[in-house]
Amino acid sequence: MTVIRPFRPVLRVAADADIIVIGSGMAGMVTALRLAPRKVTLLTKTPCLTGGSTAWAQGGIAAAVGAQDTPQSHAVDTMVAGAGLSDAPTVDLLTRDGAKRLCEMIASGAPFDRDQAGEILLGREAAHSSRRIVHAGGDATGRHLHKWLADAVAQTPSITVQTSAFAWDLVVENGRVCGVVAFHEQGGWTLHKAPFVVLATGGSGQLFQRTTNPAEGTADGLAMAARAGVKLADLEFVQFHPTALVDPKAADGASMPLLTEALRGEGATLVDGAGRRFMVDEHPDAELAPRDVVARAIWQRLVDGDGAYLDIRAIMAGDSAARFPTVKALCEAAGFDPAREPIPVAPAAHYHMGGVATDDCGRTSLEGLWACGEVAATGVHGANRLASNSLLEGMVFGHRVADDIAAQSVPAPRDLDISVPAVPATDVAAEIADLTAQLRVLMYEKVGLRRDGDGLDAALSAHGDLAEKISEIERAAGHTKPTLADVRRWGELLNLALAGRLVTLAAAQRCESRGAHYRIDFPQAEAATGVRQFLTLDDLQQRAGAQEGHRDDTNTAAALSA
Ligand code: FAD
Ligand code: SIN
C-alpha cells in the first residue's frame, strides 16, 4: 500500500469574515442573525439550510409564557429532570431568558399556533408541571420555525451562507482558534480565517444504530473540538426517545420517525402486544414519567417479546387529530392507520446532553471558540434533558454567544500555512459505510439504553479494533480530487469513531445510574459520584491506558495546524 502523507494541494482561501458559524439549525441561525451587521460566514454541510434536527422538531419549545406559569416552575422541572447534575444558575438563566426571548419571537411574528381568540396554544409534555410547550403547525414546529429563521437569514446581507460545505477541522495557532478548514462542493478544500468560530453543529444521534436524528447528526463539532484539545462535558448522557416508530420496511440504521411526546401529553397510552397498558405499573406518572424510565420500560417489553405500541386511536379519531399532521403522515408512510391500530414503537437515540463544555456565554476552553445548541454542554440538562428544552437552549445561548462575541475585539488572523488531509478513494466507499454501520451497532448494543462494565469494556476493545481498520484505510488514502461525498463519508466516520470512543469511556467511568445513564451493575445513583464529568481527549486516553487510536486523531489535528 502506498503511504500518502497529508498533502498540500490547492487550498482556497475564502474571503475573510468576522465570525464563522458552523451549522444552520436553530443555534447557528439565531447566532448569525443576532450578530448582524458583523460579517458572518455560515457553513452547512447540506445542500440547503434545512439539514440537522431543528427542522424535524415536533413537540415545540418549552417556556413559561402562560399566564399561570413562571420561569421558576420551569427551572424546578428542568432541575428535577437533570437528576442532580444540572447547573442551577444556568438553568435559571435558561428559563428566565427563554421566556423573554420566546415572547420577543412571538412579537416579531414567529408562526406559533393560536386559538380562535388569538392566544398562543400551549401543549403538555412529560415531566413538565404545566402546559408550556409552544408549537407551530401542530407537530411541525421545527419545519415552520426553521423556515422563518432561514427567511430572515436570506434577508440579512451581513450573512454569507455557504451550503454543501463540510467543516473538517478547526485551525488553532498559539492557543487560539483562528479559522476552519472546510471542503466545499464548489471549490474543494478551503481555509476560512476568522478570529471567532462558533460550533453549532448539532448532535450525535448517528452514533447509534437506532436514532431519531437526521443523517447530519454525526458528532462533527464534538470531534473537531476534541481534536483541538477542548474541554468536553457530560458525554455519557445520551437521551433515548421512547417512541420512535418502527417501520418494518425501513432500511437497517435509517433514521426512525418520531412519534412526539405531545401525544402522550394529550392522553396517548403505551400498550404491549396483548393490549395491556404497562406504564401504570412502572411509575406514578405512567406515560408521562421521565423519558429514560419510559424508554427502559419499552425496551424491556421488546426484549421480553411482549411488543410495545403507542395507542393514539382516541386522539386521531377526535378533535385533537388536527394537532398532529406530521405524526399522521409518518404513520401512513410506514403503512399504519393511526386511527385504527396501535403503532409499534422502540426507543432510539435522540439527544446528546453531553458536548463541548461552555460557560453561560457559550465560551469553550479554547480562546476564540464558542459553542451553542446541541453540540454544547452548557450544564442546563444535567443527566437528562426536559422535553422541548433544546430548541429553547439553542435560542437562548445563540443570543448569548452573539452578544459575547460582539463585545470583543480581536485582529483578523495573519496568513496561515495549512495542509489538508488525504481522503480515501471512492472505491472504498462500501468499506467505510460498513465500518460506520459496525460502529453504530456496537454503540447501540453496548453503550445504549442499558450499560454494564463488561459491555463497556468489550466496546472499548472493539473501538480499538475499529480504529485499526480505519488506520489501514487512512494509510492507503490519497484521493487528490475527492468529491464532497467522499470527504463527508470519511470525515463523518472519523468523527463518529472518535466521539464513540469518548462516550464509551465517559460511560465506563461513571459507576452509578443517573438520568439517561443506566448501569445494570450500578443501578443506584451514588452521592459520591454525583458530579459532572469534564474530559479532554488527553484525559480520556490517560485514564483508558492510552492504548488506542490517539495517534490517528492527533496526526490529523497536527497536520491541520502545520
Ligand atoms: P441542528 O438543528 O441539528 O443543526 C446542525 C447543523 O450543523 C446543520 O445545519 C448541519 O448541516 C450542520 N453541520 C453539522 N456538522 C457539520 C459540518 N461538519 N460542517 C458543516 N455543517 C455541519 N427539541 C425541542 O426542543 N423540541 C422538540 O419538539 C424537538 N423535537 C425533536 C424531534 C426530532 C425528530 C429530533 C431529531 C430532535 C428534536 N428535538 C426537539 C431536539 C432539537 O431538535 C435539537 O436538539 C435542536 O434542533 C438542535 O439544534 P442545533 O441548532 O444545535 O443543531
Ligand atoms: C417530542 O416532540 O417528543 C420531542 C421533543 C424533544 O425532544 O424535546
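Heavy atoms only: backbone and side chains are in, while hydrogens, waters and symmetry mates are out.
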Just checking, K231 and F534: is the charged tip under 6.0 Å from the six-membered ring centre and within 45° of the axis? yes

Check for a donor-acceptor pair, side chain of [X] on one end and backbone N or O of [Y] on the other, with a separation under 3.5 Å.
X: T70; Y: S73; answer: yes
X: D169; Y: V181; answer: no
X: H241; Y: A295; answer: no
X: T54; Y: M26; answer: yes
X: D18; Y: K39; answer: yes
X: S513; Y: R519; answer: yes
X: T141; Y: Q58; answer: yes
X: S388; Y: I133; answer: no
X: S86; Y: A88; answer: no
X: E216; Y: G52; answer: yes

State, with a plain yes or no, whether a side-chain heavy atom of [X] is found less than 4.5 Å away from one of [Y].
X: W370; Y: D404; answer: yes
X: T190; Y: V13; answer: no
X: H74; Y: V91; answer: no
X: I106; Y: F112; answer: yes
X: F166; Y: E492; answer: yes
X: L43; Y: V21; answer: no
X: Q239; Y: N384; answer: yes
X: E474; Y: W490; answer: yes

Is [X] salt-bridged to [Y], cutoff N-O under 4.0 Å?
X: D92; Y: R96; result: yes
X: E125; Y: R132; result: no
X: R400; Y: D97; result: yes

Would you name the heavy atoms of P47 and S164 that are closest together and state the gap between them? CA-OG, 3.3 Å

Restricting to non-hydrogen atoms, name the atom on T31 and the atom on C372 that form the minimum distance, rounded to 0.1 Å. OG1-SG, 3.4 Å

The single option from H517, R510, R451 passing side chain to side chain donor-acceptor pair (under 3.5 Å) against E236: R510

Is it true that atom CD of Q186 has more than 12 heavy atoms of other residues, nucleotides or ligands lying nearer than 6.0 Å? no

Is the count of non-hydrogen atoms from other residues, nucleotides or ligands lying under 6.0 Å from K446 atom NZ greater than 12? no

Quick check on the 6.0 Å ring-centre criterion: do F183 and W168 meet it? no

Can you list every pair that meets salt bridge (Lys or Arg N to Asp or Glu O under 4.0 Å) and has a residue in residues 49-66, with sequence neighbours left out? none

Sorted by first residue and then second, give each salt bridge (Lys or Arg N to Asp or Glu O under 4.0 Å) pair with at least one member in residues 376-388; sequence neighbours left out. none

T218 side chain to K45 side chain, donor-acceptor N/O pair below 3.5 angstrom: yes

Just how far is it from atom [atom1] of [X] to atom [atom2] of [Y], taken to the nearest 0.5 Å?
X: R363; Y: I405; atom1: CZ; atom2: CD1; answer: 9.5 Å
X: L199; Y: I20; atom1: CG; atom2: CD1; answer: 11.5 Å
X: L392; Y: F397; atom1: CG; atom2: CZ; answer: 9.0 Å

For residues 376-383, tabulate all N or O donor-acceptor pairs below 3.5 Å that involve a side-chain atom, not counting sequence neighbours.
| from | atom 1 | to | atom 2 | distance (Å) |
| --- | --- | --- | --- | --- |
| T378 | OG1 | V380 | N | 3.3 |
| T378 | OG1 | E393 | OE2 | 2.7 |
| H381 | NE2 | Y351 | OH | 3.0 |
| H381 | NE2 | E393 | OE1 | 2.9 |

Parallel under 30°, tilted from 30 to 60°, perpendicular over 60°: which one fits the rings of F240 and Y444? tilted

Start with the C-alpha distance between D77 and S129, add both sets of side-chain angles, then the distance that settles side chain to side chain donor-acceptor pair (under 3.5 Å), and finish with yes or no. CA-CA 7 Å; D77 293 345; S129 54; 2.8 Å; yes

